[in-house]
Participant: 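Attaching a single structure in C-alpha cells format; questions to follow.
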Amino acid sequence: MFTASAIMNMKSHVFLIYPLLCFLFLSSFVYGQLDYKYYDTTCPNLTKIVRNGVWSAISNDTRMPASLLRLHFHDCFVNGCDGSILLDDTSTFTGEKNAFPNRNSARGYEVIDAIKANVEKACPSTVSCTDILTLAAREAIYLTRGPFWSVCLGRRDSLTASQSAANDQLPSPFEPLVNITAKFVSKGLDVKDVVVLSGAHTIGFAQCFMFKRRLFDFDGSGNPDPTLDLSLLGSLRSVCPNQSDSDSNLAPLDAVTINRFDNVYFKNLMNNSGLLESDQALMNDNTTAALVSNYSRNPSLFSKEFAASMVKLINIGVLTGQNGEIRKNCRVVN
Ligand code: HEM
Ligand SMILES: *[C@@H]1O[C@H](CO)[C@@H](O)[C@H](O)[C@H]1NC(C)=O
Ligand SMILES: *[C@@H]1O[C@H](CO)[C@@H](O)[C@H](O)[C@H]1NC(C)=O
Ligand SMILES: *[C@@H]1O[C@H](CO)[C@@H](O)[C@H](O)[C@H]1NC(C)=O
Ligand SMILES: *[C@@H]1O[C@H](CO)[C@@H](O)[C@H](O)[C@H]1NC(C)=O
Ligand SMILES: *[C@@H]1O[C@H](CO)[C@@H](O)[C@H](O)[C@H]1NC(C)=O
Ligand SMILES: *[C@@H]1O[C@H](CO)[C@@H](O)[C@H](O)[C@H]1NC(C)=O
Ligand SMILES: *[C@@H]1O[C@H](CO)[C@@H](O)[C@H](O)[C@H]1NC(C)=O
C-alpha cells in the first residue's frame with residue numbers, strides 16, 4: 001500500500017499510483033462505495049477541469065487556496081462532507097452559510113460554482129458538488145506546493161443543511177483547547193488531528209474581531225495577552241486599532257510566510273507568534289506542545305501527517321449510494 005507521503009513525493013501526476021483501497025477508518029459499509037476511479041469512465045477529465053478552475057481562481061486571488069481549504073473543512077465538520085455548506089438560504093430554508101462561523105467569513109463559493117459549470121458541460125448530472133469541493137481543496141494546496149493527499153470519490157450532495165449544527169459544532173477561536181478537542185473527537189478525529197490540521201493556519205487570513213481582545217484588554221487585565229510576541233502585537237495593533245470599525249480588517253494567520261504552505265505556523269507558536277488564542281493555546285498543554293515542537297522542527301513530518309489527517313477529515317459522514325443526490329446547481333437542491 002502506498003502511503004500518503006509516497007504519493008506526495010511523486011511530483012508528477014502522470015506517474016500517480018493509487019493506493020489499493022480507499023481509506024477505511026469507520027466501517028467498510030460507509031465507504032464501500034467510494035472509489036479513486038469513481039468517475040474514470042463517466043467523467044475522465046474531472047481532475048483536469050477542477051485543477052484548471054482552481055488555477056485560474058488562484059491567479060486572480062492568492063488567498064483562494066486558504067479559502068477553499070477552510071470551506072471544505074467547514075463542510076466536512078457539519079453533518080459530514082456533503083456539500084451542505086454550499087446551499088443558499090431561501091425564505092423557507094436556513095442552512096449553514098449564515099451560521100456564525102461562516103457568515104462574512106467562508107469564501108470560495110463562486111469558484112466552486114464556476115468549476116461545477118464546466119464539469120456540467122463535460123459530464124452533466126454526474127459529479128457531486130461535494131466531490132468538486134473535495135478535489136478543489138486538494139488541488140489548491142497541491143498547486144501551492146503544499147502536501148498532496150489522495151481523494152476517494154463518490155460522495156453525494158446533501159438534501160439539507162443545519163444552521164444550528166454549524167453554530168454548535170464548528171470550533172471557535174474563543175473556546176479552550178479541551179472544547180475544540182472534544183469537537184474533533186466527536187467527528188472521529190483526535191488531538192493529533194487538532195494539532196496537525198491547525199497547521200492549515202500557515203496560509204490565509206483572519207478578521208481583527210477574531211483575535212482583537214488579545215491586543216488591548218485581555219480578560220479584563222487592562223493589558224494585552226502575555227502570550228503574544230511584542231513585535232507581532234505592535235503590528236497587529238496597527239492593523240486592528242482599538243475601535244469597532246477595524247473589526248473586519250485582515251491579518252495573516254502566519255505573518256512570516258503568508259501564502260506558503262509550510263511548517264512556519266508551528267515555528268511561530270514556539271515563539272508566541274500565533275494569531276488566534278486557539279492557535280497559541282496549543283503551547284499550553286504538554287501533549288499538544290510536544291507535537292507543535294515536532295512539526296516546527298520537521299517539515300516533512302508535518303506534510304506527511306497533515307495529508308494523513310486530511311484523509312480522515314474528507315471522509316467524515318459522506319453520503320453514498322442512494323443517499324443524497326447529484327446537485328445540478330451547488331446552491332440549491334434539485
Ligand atoms: C482547530 C480549530 C480551528 C479554529 C478555532 C479555527 C478558526 C479560524 C478562524 C477564526 C479563522 C479566521 C476566519 C475569519 O476571520 O473570517 C480561520 C481561518 C482559516 N482556517 Fe481555521 N480554525 C480551526 C481549524 C482549521 C482547520 C482544521 C483547517 C483546515 C484543515 C482550517 C483552515 C483555515 C484556513 C485555511 C483559514 C484562512 C481562510 C481564508 O483566508 O479565507 N482551520 N480559522
Ligand atoms: C478531455 O479533454 C480533452 C482535451 O484536454 C478532450 O480532447 C477530450 O475530448 C475530453 N474528454 C472528454 C470525455 O470530455
Ligand atoms: C477576483 O478576485 C476578487 C477578490 O479578490 C473577486 O472579487 C473577483 O470576483 C474575482 N474575479 C474573478 C474573475 O474571479
Ligand atoms: C466548553 O465546554 C463546556 C462543556 O461542554 C461548556 O460548558 C463551556 O461553555 C464551553 N466553553 C466555551 C468557552 O465554549
Ligand atoms: C480601547 O478602547 C476602549 C473604549 O472603546 C478604552 O476603554 C480602552 O482604554 C482602549 N484601550 C487601549 C489600550 O487603547
Ligand atoms: C518567530 O519565528 C519566526 C520564524 O518562524 C521568526 O521570523 C520571527 O522573527 C520569530 N519571532 C521572534 C520574536 O523571535
Ligand atoms: C507538563 O510539563 C511540565 C514541564 O515540562 C511539567 O512540570 C508538568 O508536570 C507537565 N504536566 C503534565 C500534566 O504532565
Ligand atoms: C516526534 O516525531 C518523532 C518522529 O520524527 C516521533 O518518533 C515522536 O514520537 C514524535 N513526538 C511526538 C510527541 O509526537
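Scope of the values below: all heavy atoms of this structure, side chains included, with no hydrogens, waters or symmetry mates. Note that ligands are numbered from 1 as they come in the structure, with each ligand's atoms numbered from 1 the same way. Predicted, not measured: the structure shown is a model, and the values here were computed from it.
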Participant: Of the protein's non-hydrogen atoms, which lies at the shortest distance from atom 5 (O) of ligand 8, and what is that distance?
Facilitator: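 Nearest neighbour among protein heavy atoms for atom 5 (O) of ligand 8, to 0.1 Å: N298 ND2, 3.9 Å.
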Participant: Only heavy atoms of D61, strictly under 4.0 Å: list the atoms of ligand 3 that pass.
Facilitator: 5 (O)
Participant: Would a search of protein heavy atoms around atom 2 (O) of ligand 8 find one under 4.0 Å away?
Facilitator: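 Protein heavy atoms within 4.0 Å of atom 2 (O) of ligand 8 - there is at least one.
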Participant: Under 3.5 Å between some N or O of ligand 3 and some N or O of R107?
Facilitator: no
Participant: Within the 4.0 Å heavy-atom shell around A290, which atoms of ligand 8 are there?
Facilitator: 13 (C)
Participant: Can you report which non-hydrogen protein atom sits closest to atom 12 (C) of ligand 8, along with the distance?
Facilitator: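 Result for atom 12 (C) of ligand 8: N294 ND2, 3.3 Å.
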Participant: I'd like to know whether the aromatic ring centres of F184 and F77 sit less than 6.0 Å apart in this structure.
Facilitator: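 Distance test on ring centres: under 6.0 Å, yes.
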Participant: Salt bridge check: are D254 and R260 linked by an N-O gap of less than 4.0 Å?
Facilitator: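 Judged by the 4.0 Å cut-off on N to carboxylate O distance, D254 and R260 do not form a salt bridge.
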Participant: For a quick check under 3.5 Å, do Q169 and K187 share a side-chain donor-acceptor pair by atom type?
Facilitator: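 Q169 vs K187: donor-acceptor pair found between side chains.
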Participant: Quick one: nearest non-hydrogen protein atom to atom 10 (C) of ligand 2, plus distance?
Facilitator: N45 ND2, 2.4 Å
Participant: May I ask whether atom 7 (O) of ligand 8 is less than 4.0 Å from at least one protein heavy atom?
Facilitator: no
Participant: With no hydrogens and no angle check, do the side chains of S221 and D219 hold a donor and an acceptor under 3.5 Å apart?
Facilitator: no
Participant: Side-chain donor-acceptor pair under 3.5 Å between N294 and S296, yes or no?
Facilitator: no
Participant: Measure from NZ or CZ of K267 to the centre of the six-membered ring of Y295, then state whether that distance is under 6.0 Å and the direction lies within 45° of the axis.
Facilitator: no
Participant: Within ligand 8, which atoms have a heavy atom of L301 less than 4.0 Å away?
Facilitator: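 Close to L301: 2 (O).
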Participant: For atom 11 (N) of ligand 3, what's the nearest protein heavy-atom neighbour? Residue, atom name and distance, please.
Facilitator: N60 ND2, 2.9 Å
Participant: Hey, does A122 sit under 4.0 Å from ligand 2 if you only count heavy atoms?
Facilitator: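 No heavy atom of A122 comes that close to ligand 2.
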Participant: Between the main-chain N or O of G154 and the side-chain N or O of D131, is there a donor-acceptor pair closer than 3.5 Å?
Facilitator: yes
Participant: Under the 4.0 Å line, does any protein heavy atom show up next to atom 14 (O) of ligand 2?
Facilitator: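 Under 4.0 Å from atom 14 (O) of ligand 2, at least one protein heavy atom found.
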Participant: Which of the atoms in ligand 8, numbered in the order shown and given with their element, are less than 4.0 Å from a heavy-atom of L291?
Facilitator: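 Within the 4.0 Å cut-off of L291, ligand 8 contributes 14 (O).
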Participant: What residue and heavy atom of the protein are closest to atom 4 (C) of ligand 2, and at what distance?
Facilitator: K48 NZ, 4.3 Å
Participant: Examine the proximity of ligand 2 to P44 and report which part, side chain or backbone, both or neither, has a heavy atom under 4.0 Å away.
Facilitator: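 The part of P44 near ligand 2 is the side chain, not the backbone.
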Participant: Can a side-chain donor-acceptor contact be found between S84 and E96 if the only test is distance below 3.5 angstrom?
Facilitator: yes
Participant: Assess, by modelled atom type and distance only, whether the side chains of T130 and D82 contain a donor and an acceptor separated by less than 3.5 Å.
Facilitator: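 No, because no side-chain N or O of T130 sits under 3.5 Å from a partner of the opposite role on D82.
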Participant: Using modelled atom types and a 3.5 Å cut-off, is there a donor and acceptor pairing between side-chain atoms of D247 and backbone atoms of F209?
Facilitator: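 No: the side chain of D247 does not pair with the backbone of F209.
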